[in-house]
Number of protein chains: 2
Amino acid sequence: MVAANWNAYEAECPTRAVLDRIADKWTVLLLGLLAERPMRFNELRRHVDGLSQKVLSQTLKSLERDGLVTRRAFATVPVTVEYSITPLGASLAETTNALRLWAEAHMDTVVASQAAYDRRGADA
Amino acid sequence: MVAANWNAYEAECPTRAVLDRIADKWTVLLLGLLAERPMRFNELRRHVDGLSQKVLSQTLKSLERDGLVTRRAFATVPVTVEYSITPLGASLAETTNALRLWAEAHMDTVVASQAAYDRRGADA
DNA sequence: CCGCATCCTTACCGATACTG
DNA sequence: CAGTATCGGTAAGGATGCGG
């Protein structure tokens with residue numbers, strides 16, 4: 001079986017919930033990092049500017065639950081925890097990376113469009 | 001000039017704001033619809049189950065401001081308003097469609113992973 | 001070092017009512 | 001038909017302190 005009749009345009013479809021999770025700013029940024037190499041908790045935190053430890057914790061837990069990321073704890077002192085991407089997560093990371101790269105590539109155009117839009121509305 | 005040194009991992013970078021907007025459930029669904037053909041306001045509303053008229057209005061305004069969607073009003077009675085995608089929006093829609101299709105394609109795997117995760121935590 | 005628990009603020013969102 | 005305006009609940013998110 002290859003395809004199912006999932007349809008994200010229906011509110012009750014579970015696809016909607018998953019789409020809501022993966023179409024998330026932090027998910028995109030974290031998958032982008034973990035697609036390159038495994039990282040530890042505070043390492044991720046340092047790489048993503050503005051991400052609080054609380055939200056990072058929540059996001060990683062969701063990613064782990066969805067099978068996109070694997071968490072491994074080492075009984076060192078103090079504890080070392082490593083997060084790595086799964087094959088499923090890697091397949092998603094290709095798409096989310098495309099999203100991030102689109103944003104970085106078209107920023108100039110978007111910013112210009114915003115400025116033009118705001119100018120038009122300024123003379124109200 | 002082709003590339004700039006935008007980096008979405010920095011909080012102050014405007015890319016961050018744009019990423020936050022396009023990595024959005026409703027944006028993904030709306031761009032998917034408008035990539036196929038122009039649509040009217042209530043037509044979009046009917047196609048996206050669970051999307052309130054208020055949020056639709058906000059989202060369309062943001063998309064228009066970012067230059068991803070064009071709004072055209074016709075002086076009929078009652079007023080007719082048509083939303084269509086721009087070339088910039090179309091280029092983004094390719095990526096966001098990939099995101100939606102990924103969700104629909106891998107739902108079974110994700111749901112299974114969630115169930116396994118919840119089972120492990122159940123015996124706490 | 002890796003988190004969880006708590007408090008508290010805020011911004012999001014749905015529901016409703018009303019205009020062009 | 002295509003919105004705007006207002007209100008109220010809710011849940012996300014920052015700050016802080018503690019525990020494994």
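Remember, it's a predicted structure, so these values are computed and weren't measured experimentally. A, B, ... follow the sequence lines: proteins, then strands. Residue 1 opens every chain.
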Sequence-aligned protein contact record of nucleotides 13-20 of chain C, with B where the base is within under 4.0 Å of a protein heavy atom and S where only the sugar-phosphate is
BBB-----
Going by salt bridge (charged side-chain N to carboxylate O under 4.0 Å, His left out), name the pairs with one or both residues in residues 45-54 of chain B, residues two or more places apart or in two chains.
none
Between C:dC4 (C1') and A:K61 (NZ): distance, integer Å
8 Å
Which residues within residues 31-39 of chain B lie with some heavy atom under 4.0 Å of an atom in DNA chain D?
none
Rounded distance [0.5 Å steps], CG in A:L92 versus CD1 in A:I85
7.5 Å
Who pairs with A:S52 by side-chain hydrogen bond (donor to acceptor under 3.5 Å, both in side chains), at least two apart in sequence or on another chain?
none
Side chains of B:V48 and B:L56, heavy atoms from C-beta outward: is any pair under 4.5 Å?
no
Any salt bridge (charged side-chain N to carboxylate O under 4.0 Å, His left out) pairs touching residues 89-102 of chain A, not counting sequence neighbours?
A:R100-A:E104
Heavy-atom side-chain proximity of B:L60 to B:L44 below 4.5 angstrom:
yes
Taking a pair as Watson-Crick (N1 to N3 plus N6-O4 or O6-N4) or G-U wobble (N1-O2 and O6-N3), both under 3.5 Å, which stems of 3 or more consecutive pairs involve DNA chain D?
C:3-20 with D:1-18
Taking salt bridge (charged side-chain N to carboxylate O under 4.0 Å, His left out) as the cut-off, I'd like each qualifying pair that reaches into residues 61-74 of chain A, sequence neighbours left out, listed once.
A:R65-B:D118, A:R72-A:E82
Here the side-chain hydrogen bond (donor to acceptor under 3.5 Å, both in side chains) pairs for residues 26-44 of chain A, sequence neighbours left out, are A:R21-A:T27, A:D24-A:T27, A:R37-A:E43
Would you say that A:L30 contacts A:L51 through its side chain, given a criterion of any heavy-atom pair below 4.5 Å between the two side chains?
yes
Using a cut-off of 4.0 Å on non-hydrogen atoms, how would the nucleic acid contact of A:R71 be classed: base, sugar-phosphate, or nothing?
sugar-phosphate
Residues in salt bridge (Lys or Arg N to Asp or Glu O under 4.0 Å) contact with A:D20, at least two apart in sequence or another chain:
B:K25
Return each pair, listed once, that meets ring pair (Phe, Tyr, Trp, His ring centres under 6.0 Å) where at least one residue sits in residues 55-107 of chain A; pairs must be two or more places apart or across chains.
A:W102-A:H106
Using 0.5 Å steps for rounding, measure from the CG atom of A:L101 to the CG atom of B:L19.
10.5 Å
Could you state the CZ-P distance from A:F74 to C:dG3, rounded to the nearest angstrom?
12 Å
Partner set under side-chain hydrogen bond (donor to acceptor under 3.5 Å, both in side chains) for A:T80, not counting sequence neighbours:
A:T76
Quick check for you: name the first and last nucleotides of DNA chain D, 5' to 3', having an atom under 4.0 Å from a heavy atom of chain B.
D:dC1 to D:dC7
